[in-house]
Amino acid sequence: MPKMLLKIQNVIFRFMPESKFKETGFSKNDFIKLSESMMNLDFSENLKNIKFPVLVVCGEKDKPNMKASLNISKMIPDAELSIVKNSGHEVNRDNPEELKNILNRFLNL
């Protein structure tokens with residue numbers, strides 16, 4: 001997990017009004033707790049045990065998650081990494097057509 005990014009997000013969450021969180025169905029405190037809990041996640045030892053096809057997807061402009069995507073794709077045996085052009089963190093919004101093509105190819109559709 002990109003810990004520095006999570007720390008920055010956590011600080012921002014603390015300054016945001018509660019009303020900004022209501023439409024998500026979570027409280028401000030829930031977001032802060034989730035952000036804090038994600039800082040300590042480490043599944044790296046378990047990744048080598050994955051025995052099924054895995055597709056790791058990352059937007060080419062998603063700099064905070066690019067390193068993690070590269071590392072995860074290397075740790076999982078036979079994982080495939082796809083970098084989605086012209087997209088950031090939300091590849092489904094930034095380039096849905098390219099994401100569709102990547103998923104169809106991976107799923108052999």
Side-chain angles (χ1 to χ4, degrees):
M1 298 298 296
K3 290 184 183 186
M4 184 56 71
L5 178 62
L6 290 170
K7 287 179 183 179
I8 292 168
Q9 282 180 332
N10 200 321
V11 169
I12 293 169
F13 290 158
R14 291 177 189 278
F15 287 102
M16 290 173 64
E18 180 75 36
S19 61
K20 294 291 184 184
F21 296 91
K22 289 194 190 272
E23 63 190 44
T24 67
F26 293 98
S27 70
K28 176 179 177 174
N29 194 44
D30 289 337
F31 265 90
I32 291 169
K33 286 180 181 177
L34 177 62
S35 178
E36 288 173 348
S37 71
M38 291 174 63
M39 287 184 219
N40 298 315
L41 289 178
D42 184 1
F43 298 112
S44 56
E45 278 301 310
N46 296 326
L47 295 177
K48 64 185 176 198
N49 298 324
I50 295 175
K51 305 289 186 219
F52 49 84
V54 173
L55 175 65
V56 179
V57 177
C58 187
E60 71 176 348
K61 298 176 187 174
D62 188 2
K63 301 302 179 200
N65 291 299
M66 184 62 73
K67 183 178 178 183
S69 297
L70 292 166
N71 288 338
I72 287 171
S73 68
K74 290 177 185 173
M75 294 173 154
I76 300 172
D78 301 317
E80 180 181 332
L81 174 65
S82 284
I83 306 300
V84 182
K85 293 178 174 61
N86 303 312
S87 63
H89 185 64
E90 295 182 86
V91 296
N92 57 315
R93 287 185 173 193
D94 297 338
N95 196 341
E97 190 65 28
E98 178 68 15
L99 178 60
K100 178 191 82 164
N101 294 336
I102 289 168
L103 292 173
N104 282 341
R105 184 181 43 75
F106 182 75
L107 299 170
N108 296 314
L109 297 178

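Residues Ser73 and Asn71 are not in side-chain contact: their nearest non-hydrogen atoms beyond the backbone lie 4.5 Å or more apart.
Pairing each heavy atom of Val91 with each of Cys58, the nearest pair is CG1-C, 4.2 Å. Residue Ile32 comes nearest to Phe13 through the heavy atom pair CG1-CB, 3.9 Å, listed as atom of the first residue, atom of the second, then distance. Between Lys7 and Met39 the shortest heavy-atom distance is CG-SD, 3.7 Å. Heavy atoms only, all atoms of each residue included: Lys51 and Lys48 are closest at NZ-O, 4.0 Å. Counting all heavy atoms, side chain and backbone alike, Phe15 lies closest to Val11 at CD1-O, 3.1 Å. The two residues Ser35 and Leu6 come nearest to each other via the heavy atoms OG-O, 3.3 Å.
The line from CD1 of Ile76 to CD1 of Ile50 is 4.0 Å long, rounded to the nearest 0.5 Å. In this structure, the separation between CG on Leu70 and CD1 on Ile83 is 6.0 Å, given to the nearest 0.5 Å.
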| Step by step, would you call Asp94 with Asn86 a side-chain contact (heavy atoms from CB on, under 4.5 Å)? | CA-CA 7 Å; Asp94 297 338; Asn86 303 312; over 6 Å; no
| query | How far apart are the C-alpha atoms of Ile8 and Ile12, what are their side-chain angles, what is the distance that settles it, and do they pass the side-chain contact (heavy atoms from CB on, under 4.5 Å) test? | reply | CA-CA 6 Å; Ile8 292 168; Ile12 293 169; 3.9 Å; yes
| task | Decide yes or no on side-chain contact (heavy atoms from CB on, under 4.5 Å) for Val84 and Ile102, but give the supporting numbers first. | result | CA-CA 8 Å; Val84 182; Ile102 289 168; 3.6 Å; yes
| side-chain contact (heavy atoms from CB on, under 4.5 Å) between Leu55 and Leu103, worked out | CA-CA 8 Å; Leu55 175 65; Leu103 292 173; 3.8 Å; yes
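Under the 3.5 Å distance criterion, with hydrogens and angles disregarded, no donor-acceptor pair is assigned to the side chains of Asn101 and Arg105. Between Asn29 and Ser27, the side chains place no donor N or O within less than 3.5 Å of an acceptor N or O (distance only, hydrogens not considered).
The pair Glu36-Lys33 fails the salt-bridge criterion, with no side-chain N (NZ, NE, NH1 or NH2) lying under 4.0 Å from an Asp/Glu carboxylate O.
Within 6.0 Å of the CG atom in Asn49, the count of heavy atoms belonging to other residues, nucleotides or ligands exceeds 12. More than 12 heavy atoms of other shown residues, nucleotides or ligands fall within 6.0 angstrom of atom CZ in Phe106. Atom CD of Glu18 has more than 12 heavy atoms from other residues, nucleotides or ligands within 6.0 Å.
Cluster annotation: Met75 is not connected to Phe43 through the hydrophobic network of ILVMFWY side chains, with a link wherever side-chain heavy atoms come within less than 4.5 Å. Residues Ile72 and Phe52 fall within the same hydrophobic cluster, defined by Ile, Leu, Val, Met, Phe, Trp and Tyr side chains chained together at heavy-atom separations under 4.5 Å. Following chains of ILVMFWY side-chain contacts shorter than 4.5 Å, one cannot reach Leu99 starting from Met66, and the two form parts of different hydrophobic clusters.
Under a 3.5 Å cut-off, the side chain of Asn95 and the backbone N or O of Lys85 do form a donor-acceptor pair.
Ring geometry for Phe31 versus Phe21: interplanar angle of 30 to 60°, hence tilted.
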